[in-house]
There are 2 protein chains.
Amino acid sequence: MQTAAETAATTASRTGTRDRIVVTAARLIQRQGYVGTGIKQIAQEARATLGSVYHFFPGGKEAVAVAAIEHSGAEFSVFLREALGSAQDPAEAVEHCAVRLAEELRASGWVDGCPVTAAALETLGGETRIQQACAEALRDWEALVREKLLGCGFAADDARELATTVIGALEGAEVTAQVNRSEEPLRVTGRQLARLLRSYA
Amino acid sequence: MQTAAETAATTASRTGTRDRIVVTAARLIQRQGYVGTGIKQIAQEARATLGSVYHFFPGGKEAVAVAAIEHSGAEFSVFLREALGSAQDPAEAVEHCAVRLAEELRASGWVDGCPVTAAALETLGGETRIQQACAEALRDWEALVREKLLGCGFAADDARELATTVIGALEGAEVTAQVNRSEEPLRVTGRQLARLLRSYA
DNA sequence: ACCTGGATAGAGCGTTCGTTCTAGAGATGT
DNA sequence: ACATCTCTAGAACGAACGCTCTATCCAGGT
């Protein structure tokens, strides 16, 4: 029999390594893309060894990437849900969302952009599993916006089209902001999206 | 002295090899990204040898990529100018632009997306030259939209903000369309952008 | 005390990467 | 004719890639 502290430590260590690998891979893929991130780099920065990586992910690099993208997708869903809930008016909520994205992007030195875009674009030719994970993440995000709009009385078709537009526009604005190292594209896009939403009132 | 035909052939071959390298690199980077595209693959698909590549581009892979991105940027500028000129009404013009992007994307098997996004996202950490070329391309495209809007009587500030929004939204919609293998994100975004523009009338 | 199986550790595999280097082909100027 | 220069051709280098493999560690059950 072991103490509760030992159990906690053991459990934390057992599940901890796998989580460290996923979180580290997610951050690296977000910054360097899928192809640009090596398995050995992931292992090193996650304070794990190659053996551990292949122990938890027998599927190799692709399996690590899929888990990392799913993690990033869920993480951004949390952010999105929170940001959308910050205001009752959907136009205000979306604009607030863009502003927070801009602030976090600047805080990261313009490096931590959309966690799925980079991986998605690189693997469009093949790698179906990765692209699938990206598509699923995008669908989840759109669903969050759609539900917010439905809750505010938008018609079903309008809510669907606007959700697609909002997620897409934020994504594009984030890329533009990263390339130009400026918060403005995101702030401007947030303003215009708010105007678009208000035009339905 | 050589014949005119020989001169033409020689000239075509001399400048032709360099152009083939640039065009091939542009297409490959567009589809596979900067990191995912190898110098040897570029040489092979451009029907050139490694020696030729390094002869024309002593700067190596980065120099080839910069030339390729500049080429892609200029090419898309031509497309954009033509699409924006297809209708006098800016809302119609932008929507037409989105539709044509959707059609061409489907025709390419959802593979030929934005020629600069992929390269830009991969090289944000370092590689200043490449990022610079991407930023310049984006700026050119925004300028084309802005001038179109200015020509249609929009106020300067509105035209600037809308140009940023339009280019960003189209970019994001293109990525969404690629990941989902569907024209709808682009068509929907085109519609909503048109609505946004009309709200200024 | 012994065994078992999950987790860690890293050397080493074959391949491909970007780049460098030398050799030669072909047209031009003198 | 010869020398010169641009361009082509591809072998070879060191480094890094993803992955496989064996060895070791250590907690839990018997």
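First the proteins, then the strands, lettered A, B, ... as listed; each starts at 1. Since the structure is predicted, the reported quantities are computational estimates derived from the model, not experimental observations. Side chains are part of it too, since the values below use all heavy atoms of this structure and drop only hydrogens, waters and symmetry mates.
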Using a strict heavy-atom distance below 4.0 Å, which residues from [range] are in contact with DNA chain C?
range	value
residues 22-34 of chain B	none
residues 57-72 of chain B	B:G60, B:K61
residues 40-55 of chain B	B:K40, B:L50, B:Y54

Worksheet item: Which pairs pass salt bridge (charged side-chain N to carboxylate O under 4.0 Å, His left out) with one or both residues in residues 35-56 of chain B, sequence neighbours excluded?
Response: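 Listed once each, the pairs are B:R27-B:E45.
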
Worksheet item: Step by step, would you call A:E161 with B:Q192 a side-chain hydrogen bond (donor to acceptor under 3.5 Å, both in side chains)?
Response: CA-CA 8 Å; A:E161 291 211 355; B:Q192 298 298 331; 2.9 Å; yes

Discussion item. A:A155: which residues meet the side-chain contact (heavy atoms from CB on, under 4.5 Å) condition with it, sequence neighbours left out?
Written reply: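 If we apply the side-chain contact (heavy atoms from CB on, under 4.5 Å) test to A:A155, skipping adjacent residues, the hits are A:D158.
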
Contacts under 3.5 angstrom, residues 110-118 of chain B side chains, donor-acceptor by atom type, not counting sequence neighbours:
unit_1: B:D112; atom_1: OD1; unit_2: B:R31; atom_2: NE; d: 2.6
unit_1: B:D112; atom_1: OD1; unit_2: B:R31; atom_2: NH2; d: 3.4
unit_1: B:D112; atom_1: OD2; unit_2: B:R31; atom_2: NH2; d: 3.1
unit_1: B:T117; atom_1: OG1; unit_2: B:E171; atom_2: OE2; d: 3.4

Worksheet item: For B:V53 and B:V64, which heavy atoms make the closest approach, and how far apart are they?
Response: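 Taking every non-hydrogen atom into account, CG1-CG2, 4.0 Å.
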
Quick one: side chains of residues 99-107 of chain B, donor-acceptor pairs under 3.5 Å with protein atoms, not counting sequence neighbours, listed by atom name and distance.
unit_1: B:R100; atom_1: NH1; unit_2: B:E82; atom_2: OE2; d: 3.0
unit_1: B:R100; atom_1: NH2; unit_2: B:E104; atom_2: OE2; d: 3.2
unit_1: B:R106; atom_1: NH1; unit_2: B:E183; atom_2: OE2; d: 3.3

Discussion item. So, using side chain to side chain donor-acceptor pair (under 3.5 Å) as the criterion, who are the partners of A:E184 when residues are at least two apart?
Written reply: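 Counting only residues at least two positions away or on another chain, A:E184 forms a side chain to side chain donor-acceptor pair (under 3.5 Å) with B:R160.
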
Worksheet item: Through what angle, rounded to 10 degrees, does the axis of the helix from C:dT4-D:dA27 to C:dT30-D:dA1 turn between its ends, using five pairs per end?
Response: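 Helix axis angle between the two ends: 10°.
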
Practice prompt. Measure from CD1 on A:I39 to P on C:dG14 and round the result to the nearest Å.
Written response: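 Nearest whole value for this atom pair: 20 Å.
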
Practice prompt. To the nearest Å, give me how far apart CD1 (B:I21) and P (D:dA9) are.
Written response: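 Rounded to whole Å, this separation is 11 Å.
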
Item to complete: Please name all residues satisfying salt bridge (Lys or Arg N to Asp or Glu O under 4.0 Å) with B:R198, sequence neighbours left out, ordered by chain then number.
Response: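 Applying salt bridge (Lys or Arg N to Asp or Glu O under 4.0 Å) to B:R198 gives B:D89.
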
Worksheet item: ring-ring contact (aromatic ring centres under 6.0 Å, His included) with A:F76: which residues, sequence neighbours excluded?
Response: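 In terms of ring-ring contact (aromatic ring centres under 6.0 Å, His included), with neighbours along the sequence ignored, A:F76 is linked to A:F79, A:W141.
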
Discussion item. Would you say that more than 12 heavy atoms from the other residues, nucleotides or ligands in this model lie under 6.0 Å from the CD of A:Q41, or not?
Written reply: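 Yes, CD of A:Q41 has more than 12 neighbouring heavy atoms, counting only those of other groups under 6.0 Å.
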
Item to complete: Please determine if a side-chain N or O atom of A:T17 lies less than 4.0 Å away from the OP1 or OP2 oxygen of C:dA7.
Response: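 Result: no.
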
Fill in: Six-ring centre of A:Y34, A:K61 cation under 6.0 angstrom, axis tolerance 45°
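A:K61 over A:Y34 ring: yes.
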
Item to complete: Give a yes/no verdict on a cation-pi contact between A:R195 and B:Y200, requiring under 6.0 Å between NZ or CZ and the six-membered ring centre and an angle within 45° of the axis.
Response: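 Verdict for B:Y200: a cation-pi partner in A:R195.
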
Return all side-chain donor-acceptor pairs below 3.5 angstrom for residues 91-98 of chain B, not counting sequence neighbours, or 'none' if the list is empty.
none

